[in-house]
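Everything on this sheet refers to the single structure shown next.
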2 protein chains.
Amino acid sequence: MEKEKTQEKRQPKYSRKSPSERREILVQAALNCIVRDGPHKLSIRQIAQEAGVSVGLINHHYTSKEELVADAYRHIAASLMDDFGQRIKMEGGTAQEQLLRFIQLSFSPVNLDPKLFRAWLAFWTMMQHSEEVSAVHAEQYDSYRSRLEHLFQEIIEAGTPLRMSPRLAALGLSGLLDGLWLEWSLDPTNFTEEEGIEICRNWLEMIKK
Amino acid sequence: MEKEKTQEKRQPKYSRKSPSERREILVQAALNCIVRDGPHKLSIRQIAQEAGVSVGLINHHYTSKEELVADAYRHIAASLMDDFGQRIKMEGGTAQEQLLRFIQLSFSPVNLDPKLFRAWLAFWTMMQHSEEVSAVHAEQYDSYRSRLEHLFQEIIEAGTPLRMSPRLAALGLSGLLDGLWLEWSLDPTNFTEEEGIEICRNWLEMIKK
DNA sequence: TTTCTTGTTGAACAGTTGTACAGCAAGAGA
DNA sequence: TCTCTTGCTGTACAACTGTTCAACAAGAAA
């Protein structure tokens with residue numbers, strides 16, 4: 001009896017974290033859940049279990065489930081873009097080479113992952129009825145596309161005229177990348193990664209005047 | 001009292017339909033619900049209310065909600081493709097002209113509709129955990145892409161060589177169309193219909209050798 | 001008119017959901 | 001050691017989910 005009480009005292013049932021630490025843990029747990037089970041199984045209780053905390057904690061740190069998901073969206077989208085950005089800039093090269101590397105990365109297992117698609121499905125669904133999530137999307141997508149646009153601008157400035165404006169070239173490539181990513185995610189047997197890269201590589205070649 | 005009873009007799013509470021008629025009504029109601037409220041509000045009770053029937057009826061005609069949704073998916077996807085097909089063939093013309101018309105139709109209000117996107121979001125979500133819905137997708141997407149592929153094949157046979165195989169050309173165009181449709185649906189302020197058409201029209205021009 | 005088939009009802013069931021909140025307890029500061 | 005702040009727990013709640021099924025009744029057939 002005495003012994004048990006002592007053990008309990010020495011092994012706290014839980015450890016207190018600072019709000020930012022706890023939010024980080026909750027965001028990671030939410031991402032794990034979305035990625036594992038998809039949007040329709042995403043519940044406060046699932047997330048709480050994944051994070052190893054009680055149900056109540058989530059509404060202590062976030063006013064609603066949507067707020068947490070929006071935070072998770074921002075987190076994964078930004079870290080993916082950062083990852084892409086770093087890998088591309090690390091190896092340097094011309095704008096043309098960087099775009100090619102961007103395409104190759106888009107068709108690498110990091111990005112071509114059914115789990116990742118499930119996460120985006122959840123975000124798109126929540127965008128339909130959450131201003132918060134919509135704002136995060138607009139913010140992330142803008143940065144994504146302006147990055148592409150800037151690279152096409154560089155190509156033109158380097159002396160290679162294009163058949164269309166950098167804006168349309170970027171819109172086209174992002175559409176192509178997203179569309180092929182979508183179709184591959186819905187059914188990976190549709191085409192291979194190599195075919196995907198081949199199609200996008202052609203876009204890069206063909207838009208040169 | 002006597003009068004009331006007579007009225008009740010003459011105005012039945014409901015009318016009995018043949019299974020096929022009722023299924024048609026249920027499918028339409030399900031589509032209305034998906035399109036109006038999106039995937040996360042799609043429930044048996046909502047569909048039943050929309051169809052003006054009781055909750056129990058749905059499980060009388062379908063063994064599960066998923067079966068009904070799969071039926072609804074097949075219905076809307078097939079009718080959209082039929083609509084496209086008819087409009088394209090009606091005006092005839094070369095394969096090149098038909099493809100251009102396909103692109104224009106893709107960026108017309110019929111297809112560029114946030115409501116339609118909500119429906120597809122629901123289907124994609126259900127594909128993640130329903131063999132039934134997945135099968136319908138595979139079936140519909142195959143017919144969609146093979147239609148495009150066939151038109152590119154015609155172009156080649158008409159004497160215009162392409163920079164890539166009909167398969168890759170079709171994959172590319174469908175990726176482009178789907179990707180731009182996706183991005184427009186997520187945020188219609190991204191680009192205009194004209195810009196979308198312009199991008200796809202360029203694909204048609206550029207792939208010629 | 002009566003019978004009979006079967007499409008239809010609506011309550012009941014056993015779950016699930018997000019959120020609120022009274023109270024517990026971790027662990028820093030005194 | 002004790003106090004006190006506040007991160008955290010877990011129950012309670014009201015509303016919802018898909019599915020089942022005994023009972024009802026529409027309307028064709030006899």
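Below, each value reflects all heavy atoms present in this structure, side chains not excepted, and no hydrogens, waters or symmetry copies. Keep in mind that what you see is a predicted model, and the values were worked out from it rather than measured. Residue numbers start from 1 in every chain, and the chains themselves are labelled A, B, ... in the order their sequence lines are given, proteins ahead of strands.
In this structure, Y62(A) places its OH atom 17 Å from C1' of dT19(C), rounding to the nearest Å. In this structure, E21(A) atom CD and dA26(C) atom P are separated by 17 Å, rounded to whole Å. Spacing between atom CD1 of I47(B) and atom P of dG18(D) amounts to 8 Å, rounded to whole angstrom units. The interatomic distance linking K41(A) (NZ) with dG18(D) (P) rounds to 13 Å, in whole Å. Atom CD of E67(A) is separated from atom P of dT19(C) by 10 Å (rounded to the nearest Å). Atom NZ of K65(A) is separated from atom C1' of dA20(C) by 17 Å (rounded to the nearest Å). Computed from coordinates, the H40(B) NE2 to dG18(C) P distance equals 11 Å when rounded to whole Å. If you take CE of M126(B) and C1' of dT17(D), they are 13 Å apart, rounded to a whole angstrom.
Counted within 6.0 Å of NE2 on H129(B), heavy atoms from surrounding residues, nucleotides or ligands total more than 12; the atom is thus considered enclosed.
If you check every strand for non-hydrogen atoms under 4.0 Å, L42(A) touches sugar and phosphate atoms only.
Comment: R36(A) engages E50(A) in a salt bridge, judged by a side-chain N to carboxylate O separation of less than 4.0 angstrom. Note on R167(A) versus E195(B): salt bridge recorded, some NZ/NE/NH1/NH2 to OD/OE distance being below 4.0 Å.
Between W120(B) and F117(B), the ring centre distance reaches or exceeds 6.0 Å.
Residues D187(A) and Y141(B) have side chains that never bring a donor and an acceptor to within less than 3.5 angstrom of each other.
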**Q.** Per-nucleotide protein contact string for nucleotides 7-16 of chain C (B base, S sugar-phosphate only, - none; heavy atom under 4.0 Å)
**A.** BBBBBB----
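Between I58(B) and K65(B) there is no side-chain heavy-atom pair separated by less than 4.5 Å.
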